Amino acid sequence: MNALFEKLNPAQLDAVKSTEGPVMAIAGAGSGKTRVLTRRMAHLIYNVGVPPHHVLAITFTNKAADEMKSRIAELLRIPTDSMWVSTFHSMCARILRTHIEKLGYERHFQIVDDDDSTQMVKLLLREMNIDVKLVKPRTLKNHVLKVKAHPDLIDDYREPVRGYLEKIVPAYQYQLKRNNLVDFEDLLLLTIELFKHHKDVRKQYHEQFQYVLVDEFQDTNDIQYELIRLLVGDHENLFIVGDEDKSIYAFRGANIENIRRFTTDFPNADRVLLEENYRSTNTILKAANDVISHNQNRIEKTLYSAKGDGERIVWFKGYGARDETEFVGEMIRRLIHQGYRYEEIAVLYRANNTSRLFEETLMQKQIPYQVVGNTSFFKRKEIKDMVAYLRLILNPDDNYSFMRVVNEPRRGIGQKTVETLRAFAGEEEESMFALIEHPKNPLPTAAKGKLTRFKNLILDLRKRLEDDDFNTFMDRLVEKTGYKEMLTYDDMGDVRLENVMELKSMIAETQNSYRESDKIDVLTQVLEDIALKSQEDERKDTNVVTLMTMHAAKGLEFRAVFIVALEQGMFPIARSFDNPADLEEERRLMYVGMTRAKEKLFFTSAQQRHLYGEPTSNPDSVFIHEINEKYIRKEGLHDTTSQSFTRPVPHALKTDSTHENDIAKGDKIDHTVFGRGVVVSVTGDQCVIAFNKNHGIKTLLKNHPSIKKV
């Protein structure tokens, strides 16, 4: 099928046709890696003759997996239902759904999301009489998951956190298994356990997955790498696509060393460099190459484009942050007059709190925008409530779903009643649901009566699930639980009810895809899909300017991109100054941000801005000065350019240039507003100072008159 190879450049063609043994494709930004992955899979199926279910492709988002399936279906004109194209978590859920009973769980296990895990930790803290004011449940939950995946890390913690973790981690895991629940870490860890201790299962998947493809390999963590090694059989037909220059998720556990581990574990692997970029102009790419070339120990590559040089990057420097936002607003207006659509424009920043002033300016100029990061559909309260009802109907022994909905809507069942029943269930080692009518239940008769009515409601709904079609069942669930009536008294009730109806539609669509399955299997599949999708951001496809962090922008592209607040301490962030590895990660983030732009790229900065209520002046970002000046056109407050968008320096914001502080790292200082502090670092004209817990760490002008060395 020669059409599969059309419009592939020589490097892409090599990556598609090199089917046997390990292959590492280093895919630069915008180099067509999705095209390579899908054409390679289509080639394996159509030309090599590999059955579709013998090819496994792993990516990092459900959206990317769906896109790959869609492209393959279009190329080959075949259904993709039997294909294994999914995220790590979806793949593991599918494997565990078949084999988890070997690990002591029941087949119809449920997946808890991040919020559920936090609530479980919060309940355990309360149960152990640990004050939540001493340790935040969400923060502790993150440490619980980290130690759970890497038990040796507990030695890195100091007291009292270490003591909390020693108690919480085993208790948390016990409660999960007891309630037939798994969290996202379990999906991977239990699959690894399954492969390690059940060689027959591992052999089964070695025989099934004759070819394994992994997208975004630079974003894999240690657990995911181990899982990949276990999945690949003796054939070693492993194809990875990655680019260490785009590794920006170390804070999530991604290990950039995995690309180097791959070369060690598979020393005979072929290497293909995908350097031709199909997104950006050469000026943007050359500037991005200039920046990333300052990182050490990377696989050298140089991106280039056939789109021509394009325009130079515009760097606007204003006196203050208001000048900066005004410039961005005016430039967006000009772009719209030039024929750009709002949805083709993005404003990128390093930290979420940077968006506020830009939002204000865009509102004033009546420019439509959205800030990416709004609550996902699957994390909205009404959806989580409905999911908890469905989970409880499937598994009445699920204590955590029980506690979420037993008094939602309100049924007069107070927190004290729930806690008493929970304590009794712990003593009896039974579920709360099972003990409602137990003779030894210590609750008053009135409380027992309310709980019994709730129990009968759930049992009746379970029976209705078996008798009704899903549409009728969901209508009955919303009606009989009182949830629909509750929403009639809610200011946002109409919207929330529409969300519940959308969930109803989702269940109906899933039922159409699993006509041969029984209702329990269908509902289990729906709840699994919801749990997996709840981890991903929801974005609306509307014609608005996008405001987002550079982390969130990875994988996206826009005709015009503004990278704002490009100053030392803002981007790169201050804590990276003393750590070369952190600074390299910041540089990769800059590279990712720059390569989102297709045609126009703007940098903006301010000579002075208010931080923590004080006028602060930071040097220009080091990343700008790593770019050859011939690729940049300066505007604003630059000596060699026009003074557009600049204003005279307000007298009130001027600092006394004759005041100098001879301070160095480790010195103690006194600040007129923030009090005593310790200098963490000094870089150029700025210093990072740690104050007490009321003020925290601040980046300030070193020679500001408000600072005095003690």
Side-chain angles (χ1 to χ4, degrees), residues 100 104-113 115-117 119-124 126-127 171-183 384-468 473-474 476-483 486 519-520 523-524 526-528 530-531:
I100 199 168
Y105 291 76
E106 296 176 16
R107 186 167 70 89
H108 291 295
F109 65 87
Q110 296 299 321
I111 303 169
V112 297
D113 66 14
D115 292 337
D116 296 327
S117 294
Q119 288 304 311
M120 290 178 68
V121 168
K122 189 174 183 178
L123 285 168
L124 288 170
R126 188 185 304 161
E127 196 174 76
Y172 170 79
Q173 196 59 30
Y174 171 77
Q175 290 296 337
L176 280 175
K177 190 168 185 178
R178 178 181 172 183
N179 289 276
N180 203 38
L181 303 173
V182 300
D183 62 18
K384 290 186 71 66
D385 286 345
M386 286 296 108
V387 166
Y389 270 115
L390 293 171
R391 279 174 30 182
L392 187 63
I393 290 165
L394 286 179
N395 175 21
D397 294 332
D398 180 350
N399 285 341
Y400 294 95
S401 294
F402 176 88
M403 286 187 286
R404 183 178 183 98
V405 297
V406 68
N407 198 41
E408 186 67 30
R410 292 183 179 179
R411 300 182 175 90
I413 301 172
Q415 187 63 38
K416 185 177 180 181
T417 296
V418 174
E419 288 298 327
T420 301
L421 181 59
R422 186 166 188 265
F424 179 55
E427 293 169 5
E428 296 293 322
E429 295 190 346
E430 264 286 6
S431 72
M432 298 168 73
F433 191 90
L435 294 176
I436 287 174
E437 297 179 278
H438 193 280
K440 295 182 180 178
N441 186 334
L443 287 167
T445 303
K448 285 182 187 177
K450 293 172 184 177
L451 287 167
T452 299
R453 286 192 288 275
F454 176 73
K455 177 180 180 179
N456 291 335
L457 169 68
I458 298 302
L459 292 176
D460 180 62
L461 287 169
R462 174 59 186 248
K463 185 176 184 303
R464 296 295 185 179
L465 173 63
E466 297 168 359
D467 297 338
D468 294 343
F473 170 73
M474 285 301 295
R476 191 184 301 276
L477 171 63
V478 179
E479 191 78 42
K480 292 293 185 182
T481 57
Y483 210 89
M486 178 187 74
K519 289 180 179 176
I520 302 301
L523 195 51
T524 299
V526 170
L527 296 177
E528 181 177 301
I530 290 171

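Counting begins at 1 with the first residue of the sequence. Everything numeric in this text was worked out from a predicted model, so none of it was measured.
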For the residue pair Met432 and Phe424, establish whether any side-chain heavy-atom pair is separated by less than 4.5 Å.
no
Is Val405 close to Thr481 at the side-chain level, that is, under 4.5 Å between some pair of heavy atoms?
no
Determine the minimum heavy-atom distance between Ile100 and Arg107, stating which atoms define it.
CG2-CA, 4.0 Å
Residue from Asn395, Leu181, Asn180 passing side chain to side chain contact (heavy atoms under 4.5 Å, CB included) with Phe109
Asn180
For Arg391 and Val112: C-alpha separation, side-chain torsions, deciding distance, then whether side-chain contact (heavy atoms from CB on, under 4.5 Å) applies.
CA-CA 10 Å; Arg391 279 174 30 182; Val112 297; 3.6 Å; yes
Inter-residue atom distance Thr452.OG1 - Leu457.CG, 0.5 Å rounding
12.5 Å
For Gly414, is there any backbone N or O sitting under 3.5 Å from a side-chain donor or acceptor partner on Asn407?
no
Residue pair Phe433 / Leu459, side-chain heavy-atom distance below 4.5 Å:
yes
Does the side chain of Lys384 come within less than 4.5 Å of Asp113's, by heavy atoms?
yes
Interatomic distance, Gln415 atom CD to Met403 atom CE [nearest 0.5 angstrom]:
9.0 Å
Ring geometry between Phe454 and Tyr389 (parallel below 30°, tilted from 30 to 60°, perpendicular above 60°)
tilted
Working note: Leu123 + Glu419, criterion side-chain contact (heavy atoms from CB on, under 4.5 Å); need CA distance, chi angles, decisive distance, verdict.
CA-CA 10 Å; Leu123 285 168; Glu419 288 298 327; 4.2 Å; yes
Before you tell me yes or no, could you show the steps for Leu527 and Leu390 under side-chain contact (heavy atoms from CB on, under 4.5 Å), namely the whole-Å CA-CA distance, both residues' side-chain angles and the distance that decides it to 0.1 Å?
CA-CA 8 Å; Leu527 296 177; Leu390 293 171; 4.0 Å; yes
Spatial distance of atom CG (Asp183) from atom OH (Tyr172) [nearest 0.5 Å]:
3.5 Å
Tell me whether Glu429 at atom CD has more than 12 heavy atoms from other residues, nucleotides or ligands lying less than 6.0 Å away.
no
Point-to-point distance, once rounded to the nearest 0.5 Å, from CD1 of Ile111 to CD of Glu528
4.5 Å
Out of curiosity, Leu523 CG to Gln110 CD, how far, rounded to the nearest 0.5 Å?
7.5 Å
Verify whether one side chain among Tyr400 and Asp116 offers a donor that lies under 3.5 Å from an acceptor in the other.
no
Within-4.5 Å side-chain heavy-atom neighbours: Ile530 and Val526
yes
Does the distance from a Lys or Arg side-chain N to an Asp or Glu carboxylate O, for Asp460 and Lys480, drop under 4.0 Å?
no
Are Arg453 and Ile436 side-chain neighbours, meaning at least one heavy-atom pair lies under 4.5 Å?
no
Mind listing the closest non-hydrogen atom pair of Pro396 and Ser431 along with its distance?
O-OG, 4.3 Å
Over 12 non-hydrogen atoms of neighbours within 6.0 angstrom of CD in Glu106
no
Once rounded to the nearest 0.5 Å, what's the spacing between atom NZ of Lys177 and atom CD of Gln173?
8.5 Å
Heavy-atom pair of closest approach, residues Arg404 and Glu408:
O-CB, 3.6 Å
Salt bridge Glu428-Lys440, side-chain N to carboxylate O under 4.0 Å
no
Test item: Gln175 and Arg178 side chains (from C-beta on) under 4.5 Å apart, heavy atoms:
yes
Let me see the working for Asn179 and Phe402 under side-chain contact (heavy atoms from CB on, under 4.5 Å), right down to the final yes or no.
CA-CA 11 Å; Asn179 289 276; Phe402 176 88; over 6 Å; no
Minimum heavy-atom distance between Arg462 and Ile520, given as atom pair plus value
NH2-CD1, 3.7 Å
Can you tell me if NZ on Lys448 sees more than 12 non-hydrogen neighbours from other groups inside 6.0 Å?
yes
